[in-house]
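Contents: one structure, followed by commentary.
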Number of protein chains: 2
Amino acid sequence: MRLLPHPATEDIQLTEVLRALSDPVRLEIVTRLAVHKEMTCSDAGDELGVHKSTASHHYRTLREAGVVLTRQEGRLKIMSLRRDDLDARFPGLLDSVLSAAHVNA
Amino acid sequence: MRLLPHPATEDIQLTEVLRALSDPVRLEIVTRLAVHKEMTCSDAGDELGVHKSTASHHYRTLREAGVVLTRQEGRLKIMSLRRDDLDARFPGLLDSVLSAAHVNA
DNA sequence: CGTACGATTTGATCGTTGTCAAACAATAAA
DNA sequence: TTTATTGTTTGACAACGATCAAATCGTACG
């Protein structure tokens with residue numbers, strides 16, 4: 001079970017998180033992760049309406065911004081929200097965004 | 001005392017607000033507005049370190065996203081945060097962003 | 001009216017970004 | 001080892017965005 005490179009919690013930048021969340025496709029990914037806890041990239045991409053390479057680009061953006069954590073299991077890559085890390089760094093931010101996006105966070 | 005065109009509260013879009021706040025210069029403007037309540041564009045621009053036309057572009061972006069309200073008094077334009085509108089539409093969002101930006105909201 | 005002031009607009013430049021398509025890589029399964 | 005599955009990477013392209021400089025606009029004041 002490998003982990004892809006992620007920024008440390010203290011290196012997560014507010015403007016980068018906001019930027020990552022400001023794209024509709026990425027916000028959709030995040031709201032789904034809020035509901036399903038974990039998702040494979042394949043599942044996430046199925047209903048996004050963009051090419052898989054585009055989806056992959058968004059996964060990377062979210063990961064590099066520190067919003068999601070990605071681990072590899074077999075040939076699957078599994079994403080999850082970095083809830084605790086984000087809450088520690090920017091208290092209340094993720095919750096308010098999720099509730100603003102009509103997700104029962 | 002004239003008002004410039006602004007989006008109605010119900011037309012404020014989450015992704016546009018996040019996008020507006022994701023630029024360091026604009027986030028700086030917003031954090032100053034959180035402290036000073038009202039600012040002329042001239043005052044705001046003085047310490048931003050960008051050309052006044054660049055600053056003007058950011059004012060417009062914030063206004064069109066529904067983050068700030070701009071009114072004209074004489075030859076001054078005065079900006080203020082749309083706190084109530086943003087709170088009504090996206091409860092807690094602005095506060096969490098401001099506190100994340102180290103502002104005693 | 002002419003001048004100064006405050007701010008926007010326009011034009012140019014340069015980097016970034018969202019997108020698709022096609023090629024590639026890595027892992028699992030037959 | 002061949003094949004299928006899962007994602008990533010690369011390349012190309014169009015759109016956007018941040019920036020500065022110069023011109024412009026609107027308002028107030030001599």
Side-chain angles (χ1 to χ4, degrees), chain A residues 1-6 13-30 32-33 36 38-80, chain B residues 1-6 13-30 32-33 36 38-80:
Chain A
M1 198 268 279
R2 274 184 317 165
L3 234 68
L4 276 64
H6 296 79
Q13 297 302 311
L14 176 60
T15 50
E16 292 183 23
V17 170
L18 295 174
R19 174 131 198 0
L21 297 175
S22 72
D23 179 90
V25 173
R26 287 192 293 264
L27 187 58
E28 173 72 22
I29 296 171
V30 167
R32 291 191 192 195
L33 282 175
H36 296 102
E38 292 194 331
M39 295 175 68
T40 65
C41 291
S42 177
D43 290 343
D46 279 346
E47 298 175 21
L48 289 178
V50 294
H51 196 276
K52 63 173 182 172
S53 60
T54 302
S56 183
H57 156 68
H58 288 309
Y59 305 150
R60 177 211 277 251
T61 301
L62 287 169
R63 178 168 48 82
E64 291 181 345
V67 176
V68 307
L69 186 136
T70 308
R71 70 177 201 278
Q72 183 156 5
E73 283 189 6
R75 53 186 165 186
L76 298 179
K77 288 195 177 167
I78 301 177
M79 292 184 294
S80 58
Chain B
M1 199 266 280
R2 274 185 316 167
L3 236 68
L4 275 63
H6 296 78
Q13 298 302 312
L14 177 59
T15 51
E16 292 183 23
V17 170
L18 295 174
R19 170 114 198 24
L21 297 176
S22 71
D23 179 272
V25 173
R26 288 193 292 264
L27 188 57
E28 172 72 22
I29 295 171
V30 167
R32 290 190 192 198
L33 283 175
H36 295 103
E38 292 194 331
M39 296 176 65
T40 65
C41 291
S42 178
D43 289 344
D46 279 346
E47 298 173 20
L48 289 178
V50 293
H51 195 277
K52 63 173 182 172
S53 60
T54 302
S56 185
H57 157 68
H58 289 308
Y59 305 150
R60 177 211 278 251
T61 301
L62 287 170
R63 178 168 47 83
E64 291 180 344
V67 177
V68 306
L69 187 137
T70 308
R71 70 177 201 279
Q72 183 157 7
E73 284 190 6
R75 53 188 163 187
L76 298 178
K77 289 195 177 168
I78 302 177
M79 292 183 294
S80 58

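Just so we're on the same page: letters track the sequence lines, and every chain starts at 1. Quick caveat: nothing in here was measured; it's all calculated off a predicted structure.
Among the nucleotides D:dG7, C:dT9, C:dG18, the one closest to the side chain of B:Arg60 is C:dT9. When distances run from any side-chain atom of B:His51 to the nucleotides D:dG7, D:dA21, C:dA7, the shortest one goes to D:dA21. Proximity note for A:Arg75 (side chain, C-beta onward) versus C:dG18, C:dA7, C:dT27: the nearest is C:dT27. For B:Cys41, the side-chain atoms get nearest to C:dT8 when compared with the rest of D:dT19, D:dG7, C:dT8. Minimum atom distance to the side chain of B:Thr54 is reached by D:dC20, of the listed C:dT9, C:dA7, D:dC20.
Using a 4.0 Å cut-off, no side-chain N or O of B:Arg71 falls inside it from OP1 or OP2 of C:dA7. At D:dC16, none of the side-chain N or O atoms of B:Arg19 fall inside 4.0 Å of OP1 or OP2 (strictly under the cut-off). Neither OP1 nor OP2 of C:dA7 sits under 4.0 Å from any side-chain N or O of B:Ser53. Phosphate contact (OP1/OP2 of C:dT17, side-chain N/O of A:His58, threshold under 4.0 Å): absent. For the pair A:Ser56 and D:dT8, the criterion of a side-chain N or O lying under 4.0 Å from OP1 or OP2 is met.
Here the rule is side chain to side chain contact (heavy atoms under 4.5 Å, CB included) with B:Val25, and of B:Leu48, B:Thr54, B:Thr61 only B:Leu48 fits it.
A residue-by-residue look at A:Arg26 and A:Lys52 shows that A:Arg26 has its nearest nucleotide of DNA chain C further toward the 5' end. Each of A:Lys77 and B:Val25 lies near DNA chain D, and the nucleotide nearest A:Lys77 is the one positioned closer to the 5' end.
For A:Glu28, the salt bridge (Lys or Arg N to Asp or Glu O under 4.0 Å) test picks out A:Arg32, with sequence neighbours left out.
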Look for any protein N or O under 3.5 Å of an N or O in nucleotides 1-3 of chain D and output each such pair with its distance, or none.
none

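In this structure, B:Thr61 reaches neither bases nor backbone, as no heavy-atom distance under 4.0 Å exists between it and the strands shown.
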